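Here is the structure we will look at.
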Protein chains: 2
Amino acid sequence: MSDAKVTSLDVARMAGVSQSAVSRVFSGASASKTTIAKVRAAADRLGYRPNRLARAMITGKSRIIGLVVAYLDNQFYPLAIERLSQALQERGYHILLIMAGNSPEGIDAVMADLMTYQVDGIITASVAISSDLTERCSAMGIPVVMFNRGQDGSGLSSITSANVEGGRKVAEFLLAGGHGRIAHVAGWQGSSTGRDRTQGFLAALAEAGASPPEMIDGMYDRATAAEAARRLMEGPQPPDAIFVGNDHMALAVMDRLRHEMGVSVPGDVSIVGYDDVPMAAWPAYDLTTLRQPVNRMVEATVDTLLAEIEDPARGHEKVEITGPLIIRGSARVPRGWT
Amino acid sequence: MSDAKVTSLDVARMAGVSQSAVSRVFSGASASKTTIAKVRAAADRLGYRPNRLARAMITGKSRIIGLVVAYLDNQFYPLAIERLSQALQERGYHILLIMAGNSPEGIDAVMADLMTYQVDGIITASVAISSDLTERCSAMGIPVVMFNRGQDGSGLSSITSANVEGGRKVAEFLLAGGHGRIAHVAGWQGSSTGRDRTQGFLAALAEAGASPPEMIDGMYDRATAAEAARRLMEGPQPPDAIFVGNDHMALAVMDRLRHEMGVSVPGDVSIVGYDDVPMAAWPAYDLTTLRQPVNRMVEATVDTLLAEIEDPARGHEKVEITGPLIIRGSARVPRGWT
DNA sequence: AGGATTGTTGCATACGTTTTCATCGACGCT
DNA sequence: AGCGTCGATGAAAACGTATGCAACAATCCT
């Protein structure tokens with residue numbers, strides 16, 4: 001019995017009530033038992049569902065969240081998106097997905113686009129946004145929370161893992177493992193995430209009196225990282241351990257070492273990654289890595305964003321979530337390490 | 001100079017024209033050079049962008065496409081989503097992403113939700129939808145195109161690779177390689193995609209006079225597929241080749257065989273997958289597989305969908321795109337094979 | 001019993017845009 | 001000069017919903 005476009009007015013007519021009554025029933029406002037029953041019955045017969053765009057117009061709340069993401073080839077992001085989407089759906093929100101290459105101007109354009117959809121909030125996954133844009137968002141009262149990336153001066157909320165601490169843990173693990181020549185294929189140093197991990201890693205090495213490691217920026221790119229690993233291994237004094245700035249690159253490094261250079265992992269060199277993407281647990285890699293707790297990061301992201309939406313006066317917050325080192329087979333394990 | 005909410009009326013006032021004039025400038029209708037200039041100037045100063053929801057209300061076109069996807073752990077889908085999103089963005093559309101577990105009722109609920117956003121069209125990636133829902137969509141004039149999945153009676157447009165033909169090609173390749181005991185870890189037989197690949201595969205084997213292969217449904221699930229492989233190999237006459245219904249499972253099979261059962265690939269058994277996800281090319285797997293041409297499938301999907309949106313009277317079409325067998329190192333290569 | 005309170009309901013307005021319609025001025029033609 | 005044509009313009013209606021307001025009924029209290 002469902003026809004093309006059925007509006008609250010149609011339902012009202014069939015139920016013999018006013019359009020306002022229909023609206024009240026579906027928006028949860030008060031109504032008598034009998035009207036509710038009549039409206040529900042008519043609505044079911046007609047297959048009526050309220051038009052969310054019209055509702056958004058009047059309330060000013062679209063219940064749409066913009067999600068801006070650069071690339072999806074790093075498995076960490078699909079996973080995060082899946083969880084984010086589910087968590088938001090449970091709370092009555094939905095995700096408008098935007099792919100933004102990595103050019104800053106592209107991101108600005110694309111986010112301006114987003115705002116014309118009257119999104120209630122924006123989540124950025126590993127993208128940097130201009131301060132100009134930040135201002136426009138706060139001027140329009142659109143909360144932004146950055147997922148897995150911080151931005152220093154921005155004053156925006158951000159959810160990351162405890163990257164500095166994570167970097168330290170990796171260093172301590174490798175030192176305890178008796179590695180003498182530790183190298184580092186860093187996460188992109190243009191990102192807070194990459195910088196922080198590197199910083200913690202270097203600090204812990206320095207405090208232990210170890211000499212500063214040889215280090216190359218892997219740009220979060222497989223090819224760049226693999227090439228970096230090759231250069232490290234072909235240097236005069238090849239490392240016996242490499243900390244790679246994320247799993248996505250670490251897997252590329254392992255591939256290059258094992259299958260193209262004949263280097264044994266962990267026999268000749270220990271590899272430690274960062275993220276603990278599902279593939280890290282696959283037998284072909286069995287990668288020791290510092291876990292970013294996706295679920296908790298997603299929860300924190302959703303909680304923070306919705307809180308800021310509900311209370312615009314709320315301050316911004318920077319959440320850091322600690323993750324454990326997941327010990328597998330790609331790095332020598334110190335004697336007695338738990 | 002940008003304040004909270006700036007509407008076309010604000011721009012009109014500042015430019016000294018009517019609100020209709022502003023609308024005409026931004027919707028591309030005709031206007032004199034001078035008005036255009038005045039409006040543009042005022043709009044820039046105020047930071048005005050038309051409200052797409054209001055526009056959608058009146059035009060009936062939201063320029064939003066609903067994308068329904070079950071899971072993202074199979075790398076094929078993140079990739080497809082990335083491309084889909086980009087292609088649609090270029091055409092002025094954006095994606096509302098919906099995660100739908102695999103329960104049919106969940107999918108119906110979630111798609112009904114989608115429709116309240118007045119989406120202009122829907123793309124389903126590997127999910128089946130009830131005929132009830134199909135009817136409601138066509139009643140509301142919302143085109144649906146199924147990506148990487150067909151549905152027999154539905155009369156919906158679908159874009160797939162040439163799965164039957166693909167299955168045949170794999171069979172021919174394995175036969176030419178001189179494999180005598182060929183087995184099959186099938187894609188989920190509840191999906192057209194899985195069934196078609198299997199059907200082509202079996203048909204080619206039968207035509208060549210080979211005995212029907214032992215076969216287990218891998219359900220598109222890593223654990224299930226790995227277990228299936230174990231059972232096949234531990235049978236009385238273990239296979240010397242396995243065709244696995246997609247790469248996602250094939251990688252799991254290789255892991256299980258190589259690292260947990262000590263079986264050599266391709267020494268003891270050849271493995272062929274389907275999809276050619278990026279990981280298939282990684283040295284750790286080097287998987288021979290039948291490529292699904294993502295880019296062309298995505299192009300066909302958005303072309304078909306947008307065509308149906310622009311011309312609702314247009315019929316539905318089922319597009320099949322042929323992909324090549326990508327020969328790598330996981331399966332024995334027939335002598336002289338190009 | 002009468003007034004105060006509470007809960008329900010319908011009317012009308014608003015949200016920000018597109019689009020029809022009529023008006024108007026300018027222009028070209030005979 | 002007068003008439004028809006055409007492009008530009010503003011006024012106003014629509015899209016489908018939420019909500020303030022006033023009217024009204026019912027209930028409660030003293």
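We use all heavy atoms of the structure for the numbers below, so side chains are in, but hydrogens, waters and symmetry mates are not. Chain naming here is simple, since letters A, B, ... match the order of the sequence lines and numbering starts at 1 in each. Just so it is clear, the structure is predicted and the values come from calculations on it, not from any experiment.
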Could you list, one pair per line, each protein nitrogen or oxygen that sits under 3.5 Å from a nitrogen or oxygen of nucleotides 22-24 of chain D, together with the distance?
none

Using nucleotides 23-28 of chain C, report all nitrogen or oxygen pairs with the protein that are shorter than 3.5 Å.
none

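You'll find that the side chain of B:Ser30 is closest to D:dA8, out of D:dA11, D:dA8, C:dT8. Of the candidate nucleotides C:dT18, D:dT19, C:dG16, C:dT18 has the atom lying nearest to any side-chain atom of B:Arg55. The side chain of B:Met57 lies closest to D:dG16, out of C:dT18, C:dC11, D:dG16. Across C:dT17, C:dC11, C:dT19, the shortest atom-to-atom separation from the side chain of B:Arg24 is found for C:dT19. Nearest nucleotide to the A:Gln19 side chain, out of C:dC15, C:dT8, C:dA12: C:dA12. Taking only side-chain atoms of B:Pro50, from C-beta outward, the nucleotide of C:dT9, C:dT17, D:dG16 with the closest atom is C:dT17. Among the nucleotides C:dG10, C:dT19, C:dT9, the one closest to any side-chain atom of A:Ala31 is C:dT9.
The phosphate of D:dG16 (OP1 or OP2) has no side-chain N or O of A:Ser23 nearer than 4.0 angstrom. Between B:Thr7 and C:dG16, a side-chain N or O to OP1/OP2 separation shorter than 4.0 Å is absent. Between B:Ser27 and C:dT17, a side-chain N or O to OP1/OP2 separation shorter than 4.0 Å is absent. The side chain of A:Tyr117 places no N or O atom within less than 4.0 Å of a non-bridging phosphate oxygen (OP1 or OP2) of C:dG16. Considering only side-chain N and O atoms, B:Ser8 lies under 4.0 angstrom from the phosphate OP1 or OP2 of C:dT17. Taking 4.0 angstrom as the limit, B:Ser18 places none of its side-chain polar atoms (N or O) nearer than this to OP1 or OP2 of D:dA11.
Map A:Ser20 and B:Ala21 each onto its nearest nucleotide of DNA chain D; the residue landing nearer the 5' end is B:Ala21.
B:Thr59 comes within 4.0 angstrom of the backbone, heavy atoms only, and of no base. If you check every strand for non-hydrogen atoms under 4.0 Å, A:Val17 touches sugar and phosphate atoms only.
Here the rule is side chain to side chain contact (heavy atoms under 4.5 Å, CB included) with B:Tyr93, and of B:Asp120, B:Val302, B:Ile64, B:Leu305 only B:Asp120 fits it.
Distance A:Gln118 CD to C:dT17 C1': 11 Å, rounded to the nearest Å. A:Arg13 has its CZ atom 15 Å from the C1' atom of C:dC11, to the nearest Å. Across the protein-nucleic acid pair, B:Leu9 atom CG and D:dG10 atom P stand 12 Å apart, rounded to whole Å. A straight line from CZ of A:Arg63 to C1' of D:dT17 spans 15 Å, rounded to a whole angstrom. Computed from coordinates, the A:Leu53 CG to D:dA14 P distance equals 21 Å when rounded to whole Å. B:Asn51 has its CG atom 6 Å from the C1' atom of C:dG16, to the nearest Å. In this entry the distance linking CG of B:Asp10 with C1' of C:dC15 reads 13 Å, nearest Å. For the pair B:Lys5 NZ and C:dG16 P, the interatomic distance rounds to 8 Å; values are reported in whole Å.
Shortest non-hydrogen contact noted between B:Val119 and B:Ile65 is CG1-C, 4.4 Å.
A:Asn163 and A:Ser161 form a side-chain donor-acceptor contact under 3.5 Å, judged by distance and modelled atom types alone. With no hydrogens or angles considered, a side-chain donor-acceptor pair links B:Ser85 and B:Gln89 at under 3.5 Å.
B:Ser27 contributes a side-chain N or O that, together with a main-chain N or O of B:Ser23, makes up a donor-acceptor pair within less than 3.5 Å. Distance alone, capped at 3.5 Å, places no donor-acceptor pair between the B:Ser158 side chain and the B:Arg149 backbone. Between the side chain of A:Ser157 and the main chain of A:Glu317, a donor-acceptor pair closer than 3.5 Å is present.
B:Asn51 is not listed as a side-chain neighbour of B:Lys5, based on a closest heavy-atom distance of 4.5 Å or more. Counting only heavy atoms from C-beta outward, the side chains of B:Thr193 and B:Asn148 approach each other to under 4.5 Å. Side chains of A:Ile98 and A:Tyr117 form no contact here, defined as non-hydrogen atoms less than 4.5 Å apart.
Using a 30° and 60° split on the angle between ring planes, B:Phe76 and B:Phe147 fall in the parallel class, below 30°.
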